[in-house]
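Here's the structure, in structure tokens; my notes come after.
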Amino acid sequence: MYSACVQEFTQWREVARPLLSTGTVPEDMEWKLGRHFEPLAPSLTAPTPLRLSRQLIELLETISCYRHDGRWDLMYRLAWRSLRQPHLLEDAADPDVHRAMQMASAVNREIHKMHAFVRFREMTDEQGEKKYFAWFEPTHQVLRLGVPFFCKRFPNMEWMIATPDGTALWRNGELRFIETPDKSTLPKADAHEGLWRTYYRNICNVSRINPPAMRREMPQRYWRNLPESVEIQTLLRDGQSSFAQRQREAMDLELAKARAMQRALADLPDHSGGPSACRRCDIWRHATQAVLGEGSTSAFIMLVGEQPGDEEDLRGRPFVGPAGRVLDEALKVAGLERGDLYVTNAVKHFKWQPRGKRRLHQRPAASELAACNHWLDAEVSQVKPRIIVALGVSALRAVAGLTDSIESARQLQIPHASGAQVVCTYHPSAILRADPANADQLRTHLVDDLRRARELAA
């Protein structure tokens, strides 16, 4: 068993090369993180050359910045396996490769944030010469990979970027890495800060601020080191009001368009036979039957899906297939009884395309949703629910005329023309299609939204 204490990629490589040359298996190596570098004994060094691809070396250097003690073990395991499996990195499903790619993505995102959110402050030394300083607190140890960007951008300035892990110093065209000085001795503002804040206020278009997107792109953990952060709360407050107004205007416009299309379709013949005889669009031609809504006609909550699936088309009932079983389970966890609800779909016929002997679901077009809205409105008028739960983007479009993503629509308060309130959530089929890593999260969101609908209805 060999043991090595390393802190950065160059140290890890110095230790790993002789071990890989002698064929030391990963299980015989113990890696530790520490400031006291411990190279292996010279006797372990072997002259056998190693042939590692440039792609692998770049990947290893990137994930060496990921702040987790297990990165050194993963790096050695990947290098050891790549010598025996030259095409290892092409197997995205391999657990080691998958984990390494996730780590590399996280590091690259942090480098991007560093380039975007480093703010230099002006300093004057004892000789009266100007220097520039910035403090940055990254999630991962990205200083060495992120700092070349600033060397190219500010080659004629003398500057320093300090982080909790170390400091980059650029002077006279030379880059050095030094220990980070005591933070209390470093400047927290400069004479130009007020000017920068004024500039930021004037270039920021408040009417175009999307607060959730802004927080995703500029997480609050960066704010304390940004001069403009003093202005952000005011801008967000103003932007939130403007964003809500734009949402209301867009909703009114979409509703007006949907109603206009419904009025145009109202004169088309439907043979007076209800949805089963409806000919307002062509989906009926390939469906077994119309699938009507079912449940309590005095229900406080109406669930609206997209359209029947294969099993629903054959049995003539909504949500009785795999997606229906996921929905039933979520309803139970949310404290709702299906018998107390009214369950239907925005489109009453099954739209599908052949794939061998199978019939694969095909999303209905906007015109087909509008053609079927006549029947959905009739159901809403009959049931008069307090809450309408739109399951998926097609249902959201049919119910409220919105084309937002589910992620953003879940945060909105959406009124329905009938006076009901619309709650938007993921369609149960999205859980069935999601990979295991995301399926549990989507299921949690579905349950939370159904529980919210129950509370609002009460």
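From a predicted model like this one, the values you see are computed outputs, not experimental measurements.
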Below 4.0 angstrom, N of the basic side chain to O of the carboxylate: do [X] and [Y] qualify?
| X | Y | value |
| --- | --- | --- |
| Arg285 | Asp282 | yes |
| Arg67 | Asp165 | yes |
| Glu455 | Arg451 | no |

Arg359 NZ/CZ over Phe350 ring centroid, <6.0 Å and within 45° of normal: no
May I ask you to check if Arg71 and Tyr66 form a cation-pi contact, with NZ or CZ under 6.0 angstrom from the six-membered ring centre and within 45° of the axis? no
Could you tell me whether the side chain of [X] and the main chain of [Y] form a donor-acceptor pair under 3.5 Å?
| X | Y | value |
| --- | --- | --- |
| Thr22 | Pro18 | yes |
| Asn108 | Ala104 | yes |
| Glu368 | Ala365 | yes |
| Trp159 | Phe154 | yes |
| Trp72 | Glu30 | no |
| Lys384 | Ser381 | yes |
| Asp91 | Ala93 | yes |
| Glu312 | Gly321 | yes |
| Arg397 | Thr403 | no |
| Ser82 | Ala79 | no |

Could you grab the distance from atom [atom1] of [X] to atom [atom2] of [Y], nearest 0.5 Å is fine?
| X | Y | atom1 | atom2 | value |
| --- | --- | --- | --- | --- |
| Leu442 | Ile431 | CG | CD1 | 6.0 Å |
| Leu74 | Ser64 | CG | OG | 11.5 Å |
| His374 | Leu376 | NE2 | CG | 11.0 Å |
| Met302 | Ile388 | CE | CD1 | 6.0 Å |
| Asp328 | Leu336 | CG | CG | 11.5 Å |
| Glu337 | Ser296 | CD | OG | 13.0 Å |

Heavy-atom count check: over 12 atoms from other residues, nucleotides or ligands less than 6.0 Å from His115 NE2?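 Yes, NE2 of His115 has more than 12 neighbouring heavy atoms, counting only those of other groups under 6.0 Å.
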Should we count CZ of Phe136 as having more than 12 external heavy atoms under 6.0 Å? yes
Under 3.5 Å side-chain donor-acceptor pair for [X] and [Y]:
| X | Y | answer |
| --- | --- | --- |
| Glu137 | Trp135 | yes |
| Ser21 | Arg17 | no |
| Glu379 | Tyr342 | yes |
| Asp313 | Thr288 | yes |
| His445 | Glu407 | no |

Check: Phe319 ring centre within less than 6.0 Å of His427 ring centre: yes
Using the test side chain to side chain donor-acceptor pair (under 3.5 Å), find all partners of Ser408 that sit at least two apart in sequence or belong to another chain.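 If we apply the side chain to side chain donor-acceptor pair (under 3.5 Å) test to Ser408, skipping adjacent residues, the hits are Ser405.
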Does the salt bridge (charged side-chain N to carboxylate O under 4.0 Å, His left out) test come out yes or no for Arg81 and Asp94, once each step is laid out? CA-CA 11 Å; Arg81 292 182 61 197; Asp94 182 89; 2.8 Å; yes
Of the options Arg363, Lys348, His361, which is the one that meets Gln307 in a side chain to side chain donor-acceptor pair (under 3.5 Å)? His361
Restricting to non-hydrogen atoms, name the atom on Arg325 and the atom on Val320 that form the minimum distance, rounded to 0.1 Å. NH1-O, 3.6 Å
